[in-house]
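Only one structure is covered here, and it is reproduced in the block below.
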Amino acid sequence: MLDAKLLRQNPERIRGALTRRNEPPETWDLLERFYILDGEWRDLTTRTEALRANRNSVSQEVAARKRDQLDAGALIEEMRLVGNQIQAADERLRVLDEEMNGILLRLPNIPHESVPYGHSEDENPELRRHGEIPIFDFAPKPHWDLGTGLALLDFERASKVTGSRFVFYKGIGAQLERALMNFMIDVQTRERGYMEVWPPYLVNRTSMVGTGNLPKFEEDVFRLEEQDYFLIPTAEVPVTNLHRDEILAMGDLPIKYAGFSASFRSEAGAAGKDTRGLIRLHQFNKVELVQFVPPESSYEALESIMADAEAILERLELPYRVIEICTGDLGFKDCKKYDLEVWLPSSAAYREISSCTNFEDFQARRSNIRFRRSDKSKPEYVHTLNGSGLALGRTFAAILENYQEADGSVRIPAALQPYMGGLTRIDV
RNA sequence: GGAGUGAUGGCCGAGUUGGUCGAAGGCGCUCGCCUGCUAAGCGAGUAUACGCUGUAAAGGCGUAUCGAGGGUUCGAAUCCCUCUCACUCCGCCA
């Protein structure tokens, strides 16, 4: 969330951000509403605190008189009235507070000045491409055909057991998914300085609010009926919340975690989109990279986190491109974001496989994650970042499609072979 | 799931016949002194947020915070209620 002080002191900056982001009128209404509430809140706070100060000093007086065996009845009576006024004011302040906080939690982040202006995803600039797009002398099959043909994937039974948008990985398929997990985690922990974490898959509401997944996007996630717990939509949520309400030492930073988890998305509103295959499931696996850094180095960290994700694609020798997200396509909590998109031959298109984001202090402020430069200095908010490194399901799909052969068999990328017991190809 | 105990400042730990408690004491930390080095010793300091005021910085005044929320009271760390979490024992379970 944004700093309430910033809203007060620099309304033009906030309005500029909303303009650049192409925010709908509702967001503007929220902002104007905030200013109205804030005026009343500050006025009432000042007056209430004066009443409190008065009551505190008179109460001392009461204590003194009682000690001296003097009558304090008049003072007590007077303070009873003051107490009533305070109570009424508190009531109103609580209401104001709640609504203001609700607004703050719903106002989007301010895009970094370097983010290109644009209205929608169509205006996201492509920064660069890597790898050779494979040329097939046959019609490349989609991964779901390859996967079911090789008995690696079973969508039919998954929809019997659970429902649509779920999958069973089986046999070599399950092994491949597990190999991807180990490969990705190993690269990030052994070569790129991340600490491995395996987080809870359920989190409480406070954690979801902390990362910015709530209150605005409740329809996108799964919630337990009997308890206010949510299935994590990404490991970003539990891993970022690891340090909620903590004050870190400068020497601890940067903190870098690579977390493996299943991710759960309700995909509300995605009816009809990507209905086949591994691209859009209610549950998928992902290795997520999360960093906590001092503010001055967060943009450097964004570049490095992207490089960490790219390392996986490069080692798997998958063709991909990098795009930068323009202001109009930026997520609610993002300051700046890059997407990595992998080539999928069956659709002859690049598809998102990783997204690397700098949130600056947006999440840190919500979840109260701070650090001290030295023992004497005041706590400051850290900057948080994350990036997928990578989404396993989409990587699985990309391998099947890019490494397929005319007969429907699939070669195993060299980097993965040690994780597959030396297997070099999956034969029909 | 049943029974019980507890939650105080960076840490430990007093305080529970309500008032002089933002909170004793110790440890840690910071600065200064002392000191061949180290250790020890001496002195001072050491929470956060918000509001008002104000500045080049600072500061000043006030309010709130003793797990969270609510209540009683002129006044609550201290009394009452609800919740959360931790620990112990029993049961169950991977």
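The chains referred to below are lettered A, B, ... by the order of the sequence lines, with proteins before strands, and numbering in each begins at 1. The analysis underlying the following values was restricted to heavy atoms, covering all of them including side chains, and did not include hydrogens, waters or symmetry mates. None of the values given here were measured: they were computed from a predicted structure.
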Given G75(B), is OP1 or OP2 found less than 4.0 Å from the side-chain N or O atoms of Lys66(A)?
-> no
Please determine, for the side chain of Glu49(A), which listed nucleotide (U48(B), C74(B), G62(B)) has the closest atom?
-> G62(B)
Using the P atoms only, state how far C31(B) lies from U84(B), rounded to an integer number of Å.
-> 45 Å
Spatial distance of atom CZ (Arg425(A)) from atom OH (Tyr403(A)) [nearest 0.5 Å] = 13.5 Å
Can you tell which of C74(B), G62(B), C85(B) lies closest to the side chain of Ser59(A)?
-> C74(B)
First of Ala63(A) and Arg80(A) reached from the 5' end of RNA chain B, by closest nucleotide | Ala63(A)
Kindly compute the distance separating CG (Asn213(A)) from CZ (Arg366(A)), expressed to the nearest 0.5 Å.
-> 8.5 Å
In Watson-Crick or G-U wobble terms, with both distances under 3.5 Å, the base opposite G54(B) is none
In terms of side-chain heavy atoms, does Tyr338(A) have a donor or acceptor partner in Glu303(A) at a distance below 3.5 Å?
-> yes
Euclidean distance for C1', U17(B) against U78(B) (whole angstrom) = 11 Å
On a whole-Å scale, what distance lies between the P atoms belonging to A23(B) and C34(B)?
-> 33 Å
Provide the distance between the two P atoms, one in U16(B) and one in U55(B), to the nearest whole Å.
-> 47 Å
Leu7(A) side, atom CG; Leu31(A) side, atom CG - distance, nearest 0.5 Å | 6.5 Å
P atom, G70(B) versus U65(B): distance in rounded Å?
-> 11 Å
Would you mind telling me which residue lines up with the more 5' stretch of RNA chain B, Arg55(A) or Gln87(A), judged by nearest nucleotide?
-> Gln87(A)
CD of Glu12(A) to CG of Asn10(A), rounded to nearest 0.5 Å, is 7.5 Å
d(Met306(A) CE, Leu385(A) CG) to nearest 0.5 Å is 11.5 Å
Distance between the C1' atoms of G32(B) and G69(B), in whole angstroms?
-> 46 Å
Whole angstrom value for the distance that separates P of C29(B) from CD1 of Ile247(A) = 18 Å
Indicate, with a heavy-atom threshold strictly under 4.0 Å, whether Arg47(A) touches base, sugar-phosphate, or nothing.
-> nothing
Which one is paired to A14(B), where only Watson-Crick or G-U wobble pairs with both distances under 3.5 angstrom count?
-> none
U65(B) -> Watson-Crick or G-U wobble partner, both distances under 3.5 Å, gives A47(B)
Write down the partner of C74(B) under the Watson-Crick or G-U wobble criteria, each distance required to be under 3.5 Å.
-> G19(B)
Please give, in whole Å, the distance from U63(B) C1' to Gln60(A) CD?
-> 15 Å
Whole-Å gap separating C1' (G19(B)) and CE (Met79(A)) = 15 Å
Watson-Crick or G-U wobble partner of A94(B), both distances under 3.5 Å | none
To the nearest angstrom, the CG-P distance between Asn84(A) and U73(B) comes to 10 Å
Please state the C1' separation for the pair C81(B) and G25(B) - nearest whole angstrom.
-> 34 Å
Does any nucleotide pair with U38(B) by Watson-Crick or G-U wobble geometry, both distances under 3.5 Å, and what is it?
-> none
Watson-Crick or G-U wobble partner of A3(B), both distances under 3.5 Å = U88(B)
Asn56(A) vs A64(B): side-chain N/O to OP1/OP2 distance below 4.0 Å = yes
Using a 4.0 Å heavy-atom cut-off across all strands, classify Arg94(A) as base, sugar-phosphate, or nothing.
-> sugar-phosphate
Gap in Å between the two P atoms, one belonging to U8(B) and one to C87(B), rounded | 14 Å
Please report, rounded to the nearest Å, how far the P atom of A49(B) is from the CG atom of Asp3(A).
-> 11 Å
May I have the distance from Asn54(A) (atom CG) to C61(B) (atom P), rounded to whole angstrom?
-> 18 Å
How close or far is atom P of C83(B) from atom CZ of Arg205(A), stated in whole angstroms?
-> 19 Å
Can you tell me the Watson-Crick or wobble partner of A24(B), both distances under 3.5 angstrom?
-> none
Parallel, tilted or perpendicular: ring planes of Tyr257(A) versus His243(A), cut at 30 and 60 degrees | parallel
With heavy atoms under 4.0 Å as the rule, sort Val58(A) into base, sugar-phosphate or nothing.
-> nothing
Find the distance Asp38(A):CG to G51(B):P and express it as a whole number of Å.
-> 8 Å
